[in-house]
Amino acid sequence: MVRQVTCTAPVNIAVIKYWGKRDTSLILPTNSSLSVTLSQDDLHSRTTVGIAPEWSNESDRMWLNGTESAIATNARLVNCLKMSRAQRKALEDADSGLPRWSQWGIRIVSENNFPTAAGLASSASGYACLVYTLAQVFELPLTGADLSRNARLGSGSACRSIFGGFVGWDMGQSPTGDDSQAYQVAPETHWPDLEALILVVSDLKKGVSSTAGMQTTVETSSLAQHRFQAIVPKRMRQMEQAILAKDFDTFAEITMRDSNQFHATCLDTFPPIFYLNDTSRLIIQVVTAINCLSGRTQAAYTFDAGPNAVIYAPKAHMPYLIQLFAYFFPGSAGSGYFSDSYQCLPEGTVLGKSFPEPFQVIQQTFPVLPVDSVRRIIHTRVGPGPMMRLEPEASLLNADGLPKTKSA
Ligand SMILES: Nc1ncnc2c1ncn2[C@@H]1O[C@H](COP(=O)(O)OP(=O)(O)OP(=O)(O)O)[C@@H](O)[C@H]1O
Ligand SMILES: C[C@@](O)(CCOP(=O)(O)OP(=O)(O)O)CC(=O)O
C-alpha cells in the first residue's frame, strides 16, 4: 500500500544576496537576504513522495531527474528526511490513533524542468519542494515559517522558495536556528507590473559551488565582514520599503548594487572566485547604458553564483528589452531561444532584427556577441509558493513504487 503526494515548487532569485554561513550544518547565514519568487509556469521542481509499510525494512530511495541518487551520503537530504519524520513521530506520540507513517519507508522522485546545479537556483526549488511534499504526505500541521526552517536544512536559499511573491530570510540570532526563517514581505499579486527575464549564459554545472565558495568568502574576505555588519541590515529595510511602495527605481538600484557587491566579495575572496564572464559584463554594460540614456531606470540586473543574468523590469519595458538583448546576444536555438508564457511581443515579431528607437546610439557602442553567448531568454513573472498537484498524471511514481520513466 503506497500513500503518495506530488507537489511543485518555484525558484527564487535574490535581490539582497545570501552569501556566507555562521553554522554550516544547520545552514545559518551570516546575513539576512531577500528574494523574488518566480512563476512556476516557467521554472519549477516537481516532487512525488511515496511512503509504504512494505518499504520499512529497506533504505529510503531517491531519483533526481531520472537517475537514482544515494540518500545516505547526502547529509542535507538526510537532515530534511529526519526532521520531517521526527515531526510526524511527535504527532503520533501525542495521538495513538494516528497511523504510524513515521515508520514507513520513503521513496522520492523529483525533476527540475530546467538545468540542475547551473546557477538557476535548482537547490532552492528542489529542497523547498521536498520538504513541502513531505509535510503533505505526513499531514504535518506546519506554518510557512516552520516549513522554511525545514527547507533551510536542505539549502539556505530553499527557505525563501516556501513563499510566493517577495520573501525575506531573517538570519536570526539563536545558535539552534529556531529564528532563522523566511517570511513573506508581499504576495505575488502585490506588484503585477514587475516582471523578469532570465538570460541563460551557460547551463553547465558551475565550477565553484555556492556552498564551498561562500565559506571561503567568510574565511578570507574582509569586505564580506563589512557587508554583513554595515551594509545588509540597512539594505533589507530599504528594499522592503521599496517593494511595499512598488518603487522600481529604488528596488532596481539596490538590486544592482547588491549583485555588484556580492561579486565584489567573491573577487575579494582569497583565492578569488569569478562567476561573471565577458557576456555577463556586457549585459551589465547594456543595462547601465539604457538606464543612463533614458535618465530613468529601465531595468535591473542581478547575478547569482554563475554567469546567468536575471533582469527585473516593469512590464511595459519588456518588449524593447527583449529586442535589445536578442540583438546583442543572438541565439541559434530557433524557437527554443526565447520562451514567453505571456506573449508580450506582437505576433510576427522577428527577434533581434529591429533596434529599439531611443537606444540606437548604443548600437555602435557595444559589440554583437557571437551566437549562443546567451543560449536562452526566458520571460517570466513573480509567482506563488509551492503547490500540491492533485491530477493523477502529475505523479512521478508508478504503481510499483518506481519512477514512471524507469522500469526497474
Ligand atoms: N529537485 C530536486 N530535489 C532535491 N534536490 C535537488 C533538486 N534539484 C537540485 N537538488 C540538489 O541541489 C543541488 C544543486 O545545487 P547547487 O547549489 O549546486 O546548484 P543551483 O541551486 O542550481 O545553483 P545556485 O544555488 O547557485 O543558484 C543538486 O546537486 C541536488 O543535490
Ligand atoms: C548566490 C546565491 O544564489 C547563493 C545561494 O546559495 P545556496 O542556497 O545554493 O547555498 P547553500 O545554503 O550552501 O545550499 C544567493 C542567494 O540565493 O541569496
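Read the numbers this way: they start at 1 and go in the same order the structure lists the ligands and their atoms.
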Next on the checklist: For atom 8 (O) of ligand 2, what is the closest protein heavy atom, and at what distance to 0.1 Å?
Outcome noted: S157 OG, 2.6 Å

Checklist entry - For ligand 1, which atoms have a heavy atom of L120 less than 4.0 angstrom away? => result 22 (O), 27 (O)

Item to check | Nearest non-hydrogen protein atom, atom 6 (O) of ligand 2 | outcome: M214 CE, 3.4 Å

Checklist entry - Quick check: does any side chain N or O of S280 sit under 3.5 Å from a backbone N or O of P307, one acting as donor and the other as acceptor? => result yes

Checklist outcome for this item: Per-atom filter on ligand 2: closer than 4.0 angstrom to a heavy atom of A14 are 16 (C), 17 (O), 18 (O)

Checklist entry - Does ligand 2 have an atom that lies less than 4.0 angstrom from a heavy atom of A305? => result yes

Next on the checklist: Looking at R88 and D93, is there a salt bridge between them, counting it only when a charged N and a carboxylate O are closer than 4.0 Å?
Outcome noted: no

Item to check | ligand 1 contact by C129, heavy-atom criterion under 4.0 angstrom | outcome: no

Item to check | Pair W19 + F262: ring centers closer than 6.0 Å | outcome: yes

Next on the checklist: I'd like to check whether L77 has a polar contact with ligand 1, where a contact means an N/O of the residue lying under 3.5 Å from an N/O of the ligand.
Outcome noted: no

Checklist entry - Does N112 have a heavy atom less than 4.0 Å from any atom of ligand 1? => result yes

Checklist entry - Got a salt bridge between R296 and D249, using NZ or NE/NH1/NH2 to carboxylate O under 4.0 Å? => result yes

Checklist entry - Does R3 make a cation-pi contact with W104 (under 6.0 Å, within 45 degrees of the axis)? => result no

Checklist entry - Which part of L64 is near ligand 1, with near meaning a heavy atom under 4.0 Å away: side chain, backbone, both or neither? => result side chain

Checklist entry - In terms of side-chain geometry, is the basic nitrogen of E58 or R107 positioned less than 4.0 Å from the acidic oxygen of its partner? => result yes

Next on the checklist: Just to be sure I read this right, does ligand 1 sit under 4.0 Å from the backbone of S123, its side chain, both, or neither, counting only heavy atoms?
Outcome noted: both

Checklist entry - With a 4.0 Å cut-off on heavy atoms, is Y127 touching ligand 2? => result no

Checklist entry - Looking only at heavy atoms, is any part of S210 under 4.0 Å from ligand 2, and if so is it the side chain, the backbone, or both, or is it neither? => result side chain

Checklist entry - Do R381's NZ or CZ and the ring of Y342 fall within the cation-pi criteria of under 6.0 Å and 45°? => result yes

Item to check | Salt bridge present between R46 and E111 (N-O < 4.0 angstrom) | outcome: no

Checklist outcome for this item: If we number the atoms of ligand 1 from 1 as shown, the ones under 4.0 Å from a heavy atom of M62 are 3 (N), 4 (C)

Item to check | Between F359 and Y327, ring centroids under 6.0 Å | outcome: no

Next on the checklist: As a check for students: among A158, G126, S122, A9, identify the option with a heavy atom nearest to atom 2 (C) of ligand 1.
Outcome noted: G126

Checklist entry - In the protein, what heavy atom is nearest to atom 13 (O) of ligand 2, and what distance, to one decimal place, separates them? => result K21 NZ, 2.6 Å

Checklist entry - Quick one: which ligand 2 atoms are inside 4.0 Å of a heavy atom on F262? => result 1 (C)

Checklist entry - Taking heavy atoms and a distance under 4.0 Å, where does I27 meet ligand 2: side chain, backbone, both or neither? => result side chain

Checklist outcome for this item: If we number the atoms of ligand 1 from 1 as shown, the ones under 4.0 Å from a heavy atom of S210 are 24 (P), 25 (O), 26 (O)

Checklist entry - Just wondering, are more than 12 heavy atoms of other shown residues or ligands nearer than 6.0 Å to CG in D95? => result yes

Checklist outcome for this item: atom 2 (C) of ligand 2 sits nearest the protein heavy atom Y18 O, 3.9 Å

Checklist entry - Centroid-to-centroid, F251 to W191, below 6.0 Å? => result yes

Checklist entry - What's the shortest distance from atom 9 (O) of ligand 2 to any protein heavy atom, and which residue and atom give it? => result S123 OG, 3.5 Å

Checklist entry - Heavy atoms only: which of K17, R160, R76, R152 is nearest to atom 17 (O) of ligand 2? => result R160

Checklist entry - Can K17 and D304 be counted as an ion pair, charged N to O under 4.0 angstrom? => result yes

Checklist entry - Any side-chain heavy atom of I198 within less than 4.5 Å of one from D42? => result no

Checklist entry - Does T211, backbone or side chain, put an N or O under 3.5 Å from an N or O of ligand 2? => result yes

Item to check | Test item, R76 contacting ligand 1 (heavy atom, 4.0 angstrom) | outcome: no

Item to check | Under 4.0 Å to a heavy atom of S110 - the qualifying atoms of ligand 1, by number | outcome: 1 (N), 2 (C), 3 (N)

Next on the checklist: Below 3.5 Å, N or O to N or O, backbone or side chain included: is there any such pair between I16 and ligand 2?
Outcome noted: no

Item to check | Heteroatom distance test (S209, ligand 1): nitrogen or oxygen, under 3.5 angstrom | outcome: no

Checklist entry - Using a heavy-atom cut-off of under 4.0 Å, does the side chain or the backbone of S45 touch ligand 1, or both, or neither? => result side chain

Checklist entry - How long is the span from the CE atom in M214 to the NZ atom in K21, to the nearest 0.5 Å? => result 4.0 Å

Checklist entry - If you measure from the Lys or Arg side-chain nitrogens to the Asp or Glu carboxylate oxygens, is any gap between D60 and R85 under 4.0 Å? => result yes

